[in-house]
Amino acid sequence: MLVGIMGGTFDPIHTGHLIAAERARVEADLDEVWLMPANVPPHKPNAPKATAKQRWEMVVVAAEGNPFFRPLDIEIGKGGVSYSIDTIELLCANNPNTEFVYIIGADMVQYLPQWHRIDDIVRQIQFIGLARPGYELDMEKIPAHIRSRVKILPMPLIDISSTMIREEMYKGRSVRYLVPDAVHTYMEVNRLYGS
Ligand code: ATP
Ligand code: MG
């Protein structure tokens with residue numbers, strides 16, 4: 001089985017994440033995509049606004065209805081700072097018959113050289129890189145041993161970020177359709193991001 005792992009802070013999960021996951025699945029012929037919220041993301045200066053439990057529950061409701069999507073609580077369950085190398089080693093040990101590939105947007109592709117123990121990571125898994133507005137996908141700037149492990153696949157440019165959704169909500173503006181309906185309802189019921 002070939003599984004795409006889409007990690008993120010998901011604060012909140014939005015339509016851009018889901019389109020990216022579905023495009024990667026179709027273009028790379030993945031059997032499933034596992035959506036995996038980070039507990040504490042290593043690369044973000046500010047703590048997430050929603051709790052780990054809330055971010056997890058939003059991923060769960062967002063994945064509902066797509067038989068190819070599965071929420072994965074491995075990083076939230078483990079706690080602490082979520083380093084991809086630890087997760088990859090755990091995933092591979094627990095699923096010996098599954099091959100994993102990581103799905104990342106262009107901002108993360110740019111940032112790959114700075115990932116904790118990236119040389120060990122690229123020895124173990126490959127990446128699918130997807131375009132994202134505002135971030136260039138200039139692979140020439142990435143060292144060859146990393147670049148050779150990243151496959152760029154087609155992705156319509158979707159100019160949505162969790163930051164933008166949080167800002168719109170703090171301003172009291174609608175984010176309907178920028179997130180799935182179930183996430184929209186969840187955020188209102190739980191009074192997230194100033195709603
Ligand atoms: P924030 O603004 O809080 O950083 P975000 O929208 O960037 O949120 P993350 O949870 O940080 O979302 O991202 C998780 C993964 O999804 C990353 O690999 C990121 O590149 C990718 N991603 C997020 N939004 C998009 C998008 N609109 N198009 C393509 N990839 C995306
Ligand atoms: Mg981000």
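Atoms within each ligand, like the ligands themselves, are counted from 1 in listed order. Residue indices begin at 1 and follow the sequence shown. Values reported hereafter were calculated over all heavy atoms of this structure, with side chains retained and with hydrogens, waters and symmetry mates removed.
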What residue and atom, counting heavy atoms only, is the protein's closest point to atom 12 (O) of ligand 1, and at what distance? His17 NE2, 2.9 Å

Closest non-hydrogen protein atom to atom 28 (N) of ligand 1, residue and atom name please, with distance? Arg132 CG, 3.7 Å

Heavy-atom contact check, 4.0 Å cutoff: does Met164 meet ligand 1? no

Does Asp11, backbone or side chain, put an N or O under 3.5 Å from an N or O of ligand 1? no

Would you say Tyr83 ends up clustered with Ile146 if hydrophobic residues are merged whenever their side chains have heavy atoms under 4.5 Å apart, either directly or through other cluster members? yes

So is Asp107 in contact with ligand 1, going by heavy-atom distances below 4.0 Å? yes

Distance alone, cut at 3.5 Å: any donor-acceptor contact between the side chains of Gln54 and Asn190? no

Inter- and intrachain pairs under side chain to side chain donor-acceptor pair (under 3.5 Å), touching residues 173-186, at least two apart: Glu57-Tyr186, Glu168-Arg173

Short N/O distance, under 3.5 Å, between Ala20 and ligand 1? no

Less than 4.0 Å is my threshold; does some heavy atom of Pro48 fall inside it relative to ligand 1? no

Return the closest protein heavy atom for atom 14 (C) of ligand 1 as residue, atom name and distance. Gly7 O, 3.4 Å

Which class fits the ring pair His43 and Tyr111: parallel under 30°, tilted 30 to 60°, perpendicular over 60°? tilted

For ligand 1, which atoms, with element, lie under 4.0 Å from some heavy atom of Ile104? 18 (O)

Evaluate Gly16 for polar contact with ligand 1, using N/O atom pairs at a separation under 3.5 Å. no

For atom 29 (C) of ligand 1, grab the closest protein heavy atom and report residue, atom and distance to one decimal in Å. Ala131 O, 3.6 Å

Before signing off on this row, confirm whether Ile158 and ligand 1 have an N or O atom pair separated by under 3.5 Å. yes

Can you find a pair of side-chain heavy atoms, one from Ile104 and one from Leu130, that are under 4.5 Å apart? no

Under 4.0 Å from any heavy atom of Phe10, which atoms of ligand 1 are there? 10 (O)

For the ring pair Trp34 and Phe68, is the centre-to-centre distance below 6.0 Å? no

Between CD on residue Glu32 and CZ on residue Phe100, distance to nearest 0.5 Å: 9.5 Å

In terms of residue, atom name and distance, what is the protein heavy atom nearest to atom 30 (N) of ligand 1? Gly105 CA, 3.7 Å

Set of salt bridge (charged side-chain N to carboxylate O under 4.0 Å, His left out) partners for Lys78, sequence neighbours left out: Asp86

With heavy atoms of Ser161 as the reference, note each atom of ligand 1 found under 4.0 Å away. 2 (O), 6 (O)

One finds that the ligand 1 atoms under 4.0 Å from a non-hydrogen atom of Thr163 are 1 (P), 2 (O), 3 (O)

Among protein heavy atoms, which lies nearest atom 11 (O) of ligand 1, and at what distance? Lys44 NZ, 2.9 Å

Has ligand 1 got any nitrogen or oxygen that is less than 3.5 angstrom from a nitrogen or oxygen of Asp159? no

Atoms in ligand 1 flagged as close to Arg166, the criterion being non-hydrogen separation under 4.0 Å: 3 (O)

Are Arg132 and Asp107 ion-paired here, with the side-chain N under 4.0 Å from a carboxylate O? yes

Should one rank Met108, His43, Met36, Arg55 by closest heavy-atom distance to atom 17 (C) of ligand 1, which comes out on top? Met108

Could you tell me if Glu75 and Thr87 have a donor-acceptor pair between their side chains, going purely by distance under 3.5 Å? yes

Please identify which atoms of ligand 1 are closer than 4.0 Å to at least one heavy atom of Thr9. 10 (O)

Atoms of ligand 1, numbered as shown, that sit under 4.0 Å from any heavy atom of Gly8: 10 (O), 14 (C)

Backbone N or O of Thr9 within a donor-acceptor pair of the Arg55 side chain at under 3.5 Å? yes

Backbone or side chain, does any N or O of Pro133 fall under 3.5 Å from an N or O of ligand 1? no

Mutual orientation of the aromatic rings belonging to Phe127 and Trp115 [parallel < 30°, tilted 30-60°, perpendicular > 60°]: perpendicular

When you measure from the side chain of Asn39 to the backbone N and O of Val81, does any donor-acceptor pair fall under 3.5 Å? no

Qualifying residue, where the test is side chain to side chain contact (heavy atoms under 4.5 Å, CB included) with Ser161 and the options are Thr163, Ile158, Asp159: Thr163

